[in-house]
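Data first, discussion second: the structure below is written as structure tokens.
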Amino acid sequence: MELLPEGQQNQVEVLFSDQQKINEFSKLIQRKDKLTSILEKQNQEKEYLDDVSMEIELLDEDELVNYKISSAFVKLRQEEVVERLEKDTQLVETEIEALQDKLSTIESRLSELKTDLYTKFGKNINLER
Amino acid sequence: MEELLNSKVKNPRGIPQAPFVEKVDEYVKTSDDFDKVMQLFQERLQQYKYMEQSKINAQAQFMKKIPEIEESLRMVRFLKEKNESQESIDTNYELNETLYTTATIEPTDKVMLWLGADIMLEYPIDEAEELLVEKLSTAKTNLEISEEDAEFLRENITTMEVNTARLYNWDVERRKKERLAEEGAKNLRI
């Protein structure tokens with residue numbers, strides 16, 4: 001953090017509307033972090049599902065597979081597991097899309113706020129990490 | 001001065017919004033005022049922080065609970081499907097941590113739900129599904145509410161911190177002026 005030079009006053013006055021913008025900015029940044037970490041987890045999950053979907057193709061259709069539901073494994077025929085995995089993948093994909101949508105909305109609002117705040121405060125404000 | 005903190009603006013849960021002090025001079029005239037306002041601000045800031053923490057804890061609880069309900073729901077739906085097709089299923093289930101054993105589940109139209117407080121209750125499978133769906137949506141709504149509250153509180157904490165900084169700067173300015181005036185008076189030769 002830099003201090004203002006001796007005797008120099010900060011000339012730009014912060015109005016309530018500016019404060020609200022700053023608050024919104026910090027709120028959105030936090031929300032973005034949270035959603036990003038959820039998105040990462042879902043992407044990871046999607047990767048796992050893709051991997052397992054590949055592997056399972058190597059098994060015979062009639063072979064029994066341990067499929068995990070909650071904390072139990074149920075023995076299902078390979079065929080059925082493939083079907084279930086497809087459904088699971090779809091669910092994760094929908095989730096990922098929803099998250100990406102939310103994130104891009106936040107992103108565009110953030111850059112709006114950034115422009116506003118930088119226009120008003122110039123070098124007196126720092127909105128980068 | 002107390003009315004400064006009695007904002008009419010509240011969020012849906014009745015948490016009052018922090019006031020925004022644009023000009024300190026409008027609220028503070030003397031150094032007594034300053035102490036009083038400073039104390040009020042500190043108190044309010046503490047209250048916001050305390051509430052924020054409790055909302056964050058609530059969020060963590062819901063975040064833990066929601067996946068649990070979702071998992072139960074998956075199992076209930078699975079059992080329902082298997083009952084409809086009248087298949088029995090072999091399963092490896094967790095008997096204890098790291099210990100699994102095998103069981104066969106005959107088609108069933110009843111499940112037991114753990115209700116907490118050491119109570120388990122038997123439900124027809126459809127009713128169990130309904131109950132879990134309802135619990136899930138309540139948990140999700142509550143999570144959203146506590147997230148909203150935490151964000152609202154965060155905003156108000158920021159506002160209050162800015163207010164405090166302003167107030168503090170105002171006092172620094174005032175002291176400086178006083179000192180200058182004193183020195184001026186000392187050096188004055190009559």
Side-chain angles (χ1 to χ4, degrees), chain A residues 1 3-4 6-7 9-10 12-35 37-38 41-42 45 63-77 79-81 83-85 87-88 91-92 95 98 102 106 113 121 124-125 127, chain B residues 9 17-23 52 56 59 63 67-79 81-82 85 87-105 114 143 147-148 150-163 165-166 169 173 176:
Chain A
M1 186 109 86
L3 291 175
L4 282 172
E6 182 81 27
Q9 287 267 336
N10 208 333
V12 197
E13 210 179 325
V14 187
L15 300 174
F16 186 40
S17 57
D18 302 322
Q19 182 66 53
Q20 279 176 320
K21 277 182 195 156
I22 296 171
N23 288 355
E24 194 187 346
F25 187 85
S26 101
K27 174 176 91 181
L28 289 178
I29 285 274
Q30 276 195 331
R31 205 183 278 176
K32 186 181 137 190
D33 285 351
K34 210 193 279 171
L35 291 178
S37 83
I38 299 177
K41 269 189 211 140
Q42 295 288 347
E45 187 69 25
E63 215 164 318
L64 287 178
V65 182
N66 274 309
Y67 178 76
K68 195 169 187 228
I69 301 180
S70 187
S71 63
F73 294 92
V74 290
K75 292 194 176 163
L76 296 174
R77 292 181 57 230
E79 228 180 353
E80 199 184 334
V81 175
E83 259 172 51
R84 285 183 186 271
L85 284 174
K87 262 190 221 156
D88 293 345
L91 276 180
V92 174
E95 186 90 359
K102 275 190 203 163
I106 291 179
L113 288 168
F121 296 105
N124 290 323
I125 196 165
L127 302 169
Chain B
V9 190
Q17 191 177 44
F20 180 76
V21 181
E22 272 183 18
K23 286 215 166 35
E52 192 202 20
I56 288 173
Q59 270 181 57
M63 295 283 265
E68 281 173 15
I69 303 175
E70 278 173 343
E71 287 294 282
S72 303
L73 197 53
R74 268 182 84 205
M75 188 48 118
V76 167
R77 285 183 170 148
F78 176 77
L79 290 173
E81 271 173 48
K82 292 297 159 192
S85 56
E87 289 171 72
S88 59
I89 336 137
D90 285 335
T91 136
N92 285 319
Y93 70 94
E94 191 179 331
L95 192 61
N96 201 333
E97 262 176 81
T98 72
L99 180 60
Y100 283 74
T101 188
T102 321
T104 306
I105 307 171
W114 188 260
L143 175 65
E147 275 174 346
E148 210 178 282
E151 280 179 351
F152 181 78
L153 286 160
R154 183 88 285 230
E155 286 189 37
N156 284 310
I157 287 171
T158 317
T159 310
M160 281 315 282
E161 278 168 352
V162 171
N163 283 341
R166 252 168 217 245
N169 285 343
E173 276 301 303
K176 205 155 109 196

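So that the names make sense, note that chain A is the first sequence line, chain B the second, and so on, each numbered from 1.
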Starting at [atom1] of [X], measure out to [atom2] of [Y] and round the result to the nearest 0.5 Å.
| X | Y | atom1 | atom2 | answer |
| --- | --- | --- | --- | --- |
| Gln20(A) | Gln17(B) | CD | CD | 6.5 Å |
| Glu151(B) | Lys27(A) | CD | NZ | 5.5 Å |
| Lys75(A) | Thr104(B) | NZ | OG1 | 9.0 Å |

Check side-chain contact (heavy atoms from CB on, under 4.5 Å) between Glu83(A) and all other residues, then give those that pass, not counting sequence neighbours.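 Listed in chain order: nothing, the list is empty.
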Give the C-alpha distance, both sets of side-chain angles, the deciding distance and a yes or no for side-chain contact (heavy atoms from CB on, under 4.5 Å) between Arg74(B) and Asp88(A). CA-CA 11 Å; Arg74(B) 268 182 84 205; Asp88(A) 293 345; 4.1 Å; yes
If the threshold is 4.0 Å, N to carboxylate O, is there a salt bridge linking Arg84(A) and Glu81(B)? yes
Under 4.5 Å heavy-atom distance to chain B, tell me which part of Leu76(A) shows up: side chain, backbone, both or neither.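 For Leu76(A), side-chain heavy atoms alone lie under 4.5 Å from chain B.
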Please evaluate residues Asn23(A) and Phe20(B) with respect to the criterion side-chain contact (heavy atoms from CB on, under 4.5 Å), reporting the C-alpha separation (whole Å), side-chain torsions for both, the decisive distance (0.1 Å), and the verdict. CA-CA 12 Å; Asn23(A) 288 355; Phe20(B) 180 76; over 6 Å; no
Assess whether salt bridge (charged side-chain N to carboxylate O under 4.0 Å, His left out) is satisfied between Lys82(B) and Glu80(A), documenting all intermediate values. CA-CA 12 Å; Lys82(B) 292 297 159 192; Glu80(A) 199 184 334; 2.7 Å; yes
In residues 92-103 of chain B, what donor-acceptor pairs under 3.5 Å come from side-chain atoms, sequence neighbours left out?
{"residue": "Asn92(B)", "atom": "OD1", "partner": "Thr102(B)", "partner atom": "OG1", "Å": "3.4"}
{"residue": "Asn92(B)", "atom": "ND2", "partner": "Asn66(A)", "partner atom": "OD1", "Å": "3.1"}

With chain A as the partner, which of Glu68(B), Glu70(B), Arg166(B) has the greatest number of non-hydrogen pairs under 4.5 Å? Arg166(B)
